[in-house]
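Only heavy atoms go into these numbers, but all of them, side chains included; no hydrogens, no water, no symmetry mates. Protein chains get the first letters and strands the later ones, always in sequence-line order, with residue 1 at the start of each.
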2 protein chains.
Amino acid sequence: MRTMATRARHPERRQEPLSRERIVGAAVELLDAVGESGLTFRALAERLATGPGAIYWHIAGKTELLVAATDAVVAPTLDAADAADATPQEAIRTLAGDLFDAIDDHPWVGAQLNRAPAPPPLLRVLERIGGRVQALHVPEAAQFTAACTLLNYILGVAGQNAANARTAQPGADRGEFLDAVASTWAQLDPAQYPFTRTVAGQLRTHDDREEFLAGIDLILTGIAARR
Amino acid sequence: MRTMATRARHPERRQEPLSRERIVGAAVELLDAVGESGLTFRALAERLATGPGAIYWHIAGKTELLVAATDAVVAPTLDAADAADATPQEAIRTLAGDLFDAIDDHPWVGAQLNRAPAPPPLLRVLERIGGRVQALHVPEAAQFTAACTLLNYILGVAGQNAANARTAQPGADRGEFLDAVASTWAQLDPAQYPFTRTVAGQLRTHDDREEFLAGIDLILTGIAARR
DNA sequence: ACCTGAACACCGTTCAAGT
DNA sequence: ACCTGAACACCGTTCAAGT
């Protein structure tokens with residue numbers, strides 16, 4: 001009787017039981033807070049107030065954990081990206097933009113999408129893009145190429161985004177980081193890197209997101225021109 | 001006198017001194033033979049008949065080693081890709097195809113290009129592509145977008161290629177692996193994944209390399225349509 | 001100057017032991 | 001059924017000691 005009352009009085013101090021959901025949620029928080037290198041079974045166990053071995057009862061290993069964490073970010077993003085009345089082009093643009101925002105908020109997602117061959121979150125993206133490509137009335141034989149081109153382009157940007165986040169010191173904002181990259185490029189040997197030097201200035205003035213969407217538009221233009 | 005003669009008689013048994021070149025060369029061999037997870041300072045040291053600490057005299061750490069190994073594959077590939085008389089489109093296609101072959105031979109390169117933000121090998125690729133884009137008479141403001149779109153697409157394919165190589169068991173060839181992926185896709189829930197299911201069959205019949213170049217062509221079409 | 005290899009501070013993962 | 005945490009088999013990296 002006493003112990004029950006005591007428990008009831010401090011419900012917030014009771015540790016909820018471990019679950020796949022709680023573990024994945026804590027992993028996402030940890031990845032957001034300290035980056036890919038910070039996700040450790042020991043750190044995760046400490047955050048969950050348990051031992052590292054406990055996690056293995058719910059999740060097979062680190063690979064599965066990372067896929068689940070990636071899916072936890074990507075799946076809701078895709079569901080939110082369903083604009084009802086829009087042209088297929090607009091829908092693809094919106095989908096890509098939403099994905100960009102999600103990857104911008106969780107840069108480690110960009111690396112994870114590239115780590116496994118077609119993991120569940122990637123299949124989700126392919127499916128969404130494919131559906132929109134069909135709506136564009138692309139001939140069936142060309143649908144696969146069109147969807148994969150868009151997907152691979154998104155993957156490339158996602159990967160670079162993750163690489164940037166890995167390198168940038170946590171303090172500096174993206175503006176400072178891009179400035180640093182741009183000045184490195186500007187100092188390249190003009191004989192060997194004429195184009196990259198010329199283009200270095202645009203790194204500073206261009207908006208990442210706009211630049212990304214401009215690439216999407218370029219591919220969409222290619223798809224339309226083929227039709 | 002005796003020792004000198006002995007040395008001269010067995011020159012092939014003398015261990016060449018360590019050098020950055022030898023280390024990087026051994027790293028490439030190790031990566032090709034046993035994959036990314038097999039490149040270890042201990043394994044590398046054993047191959048070089050020395051201790052792990054010796055490597056650090058010549059190379060700052062594992063990151064620098066991986067960048068150097070990647071550059072050792074990419075730089076010669078790019079130099080070989082200089083077709084003198086070709087249209088800019090043909091030149092970009094050739095460049096992309098040669099890169100694909102290099103990444104196909106050394107799948108770990110695909111992952112490394114995505115790991116660091118614009119590492120030297122990536123800048124080389126950007127520069128080459130940029131030069132060809134200029135030759136296409138793309139307006140200056142659009143050159144950056146055009147080159148980055150091509151580059152990011154290549155990066156996406158490269159990353160997926162690396163992911164496939166990481167997963168496929170060393171014994172199986174690519175045909176078997178793609179069959180396995182295709183049959184996984186074919187078993188997806190038709191309600192959730194109609195497009196991916198439809199397209200699963202094309203995974204088997206399509207040639208990776210042709211599919212990759214078809215994406216390059218699609219982007220080139222987009223660039224041409226904008227001009 | 002260059003190499004050696006033991007030692008340090010970590011990892012992911014396992015597993016006997018507990019509840 | 002689920003959790004604990006010590007232990008195992010690794011890592012990258014450092015550094016005193018050698019040549």
Side-chain angles (χ1 to χ4, degrees), chain A residues 3-4 6-7 13-31 33-70 108 111-112 115-116 119 163 166-167, chain B residues 3-4 6-7 13-31 33-70 108 111-112 115-116 119 163 166-167:
Chain A
T3 53
M4 281 186 65
T6 305
R7 280 189 183 182
R13 310 205 58 178
R14 287 289 313 146
Q15 193 62 53
E16 273 192 46
L18 266 187
S19 68
R20 215 185 131 88
E21 263 182 4
R22 270 192 73 216
I23 293 171
V24 171
V28 170
E29 284 174 26
L30 209 47
L31 285 161
V34 289
E36 305 167 60
S37 65
L39 181 64
T40 285
F41 273 82
R42 284 170 180 82
L44 188 58
E46 195 182 12
R47 204 183 186 91
L48 293 165
T50 181
I55 298 166
Y56 283 86
W57 185 262
H58 301 274
I59 294 228
K62 190 160 189 181
T63 301
E64 188 181 311
L65 177 60
L66 284 168
V67 169
T70 304
W108 50 272
Q112 289 314 312
R115 195 157 324 276
R166 212 167 355 216
T167 302
Chain B
T3 55
M4 281 184 68
T6 306
R7 280 190 182 178
R13 309 204 56 179
R14 286 290 313 147
Q15 194 61 52
E16 273 192 46
L18 267 187
S19 67
R20 214 185 131 87
E21 261 181 8
R22 271 192 72 218
I23 294 171
V24 172
V28 170
E29 285 175 26
L30 209 48
L31 285 161
V34 288
E36 305 166 61
S37 65
L39 180 65
T40 283
F41 274 81
R42 283 170 180 82
L44 188 59
E46 195 182 11
R47 203 183 186 91
L48 294 165
T50 181
I55 297 166
Y56 283 87
W57 186 261
H58 301 274
I59 294 227
K62 190 159 189 182
T63 302
E64 188 181 312
L65 178 60
L66 284 168
V67 170
T70 305
W108 49 271
Q112 289 313 314
R115 195 157 324 275
R166 209 172 302 142
T167 302

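- Among the atoms of the strands shown, only primed sugar atoms or phosphate atoms (P, OP1, OP2) are found under 4.0 Å from some heavy atom of L39(B).
- Remark: Y56(A) OH to K62(A) NZ distance equals 9.0 Å, nearest 0.5 Å.
- Residue K62(A) contributes atom NZ, which lies 12 Å from atom C1' of dC11(D) at whole-angstrom precision.
- Where H58(A) and R42(A) meet DNA chain D, the nucleotide closest to each residue was compared, and H58(A) sits on the side nearer the 5' end.
- Whole-Å rounding puts the L44(A) CG to dG5(D) P distance at 15 Å.
- Counting to the nearest Å, the P atom of dC3(D) and the CG atom of L48(A) are 10 Å from each other.
- Panel note: side chain T40(A), backbone A43(A); no donor-acceptor pair is recorded below 3.5 Å.
- Atom CH2 of W57(A) is separated from atom C1' of dA16(C) by 14 Å (rounded to the nearest Å).
- Rounded to an integer number of Å, the gap from CD of E46(B) to C1' of dG5(C) is 14 Å.
- Atoms CZ (F41(B)) and P (dG5(C)) sit 17 Å apart, rounded to a whole Å.
- Pair check for dT14(D) finds dA6(C); Watson-Crick or G-U wobble, both atom distances under 3.5 Å.
- Here the CH2 atom belonging to W108(A) is positioned 10.5 Å from the CG atom belonging to L30(A), to the nearest 0.5 angstrom.
- Once rounded to the nearest 0.5 Å, the distance linking CD1 of I59(B) with CG of L65(B) reads 5.0 Å.
- For I55(A) and dC2(D), the CD1 to P distance is 16 Å, given to the nearest whole Å.
- Across all strands shown, dA1(D) forms a Watson-Crick or G-U wobble pair with dT19(C), both key distances being under 3.5 Å.
- One interatomic measurement links the two molecules: CD1 of I59(B) to P of dT14(D), which rounds to 14 Å at whole-angstrom precision.
- Minimum atom distance to the side chain of L18(A) is reached by dC3(D), of the listed dG12(C), dC3(D), dT13(D).
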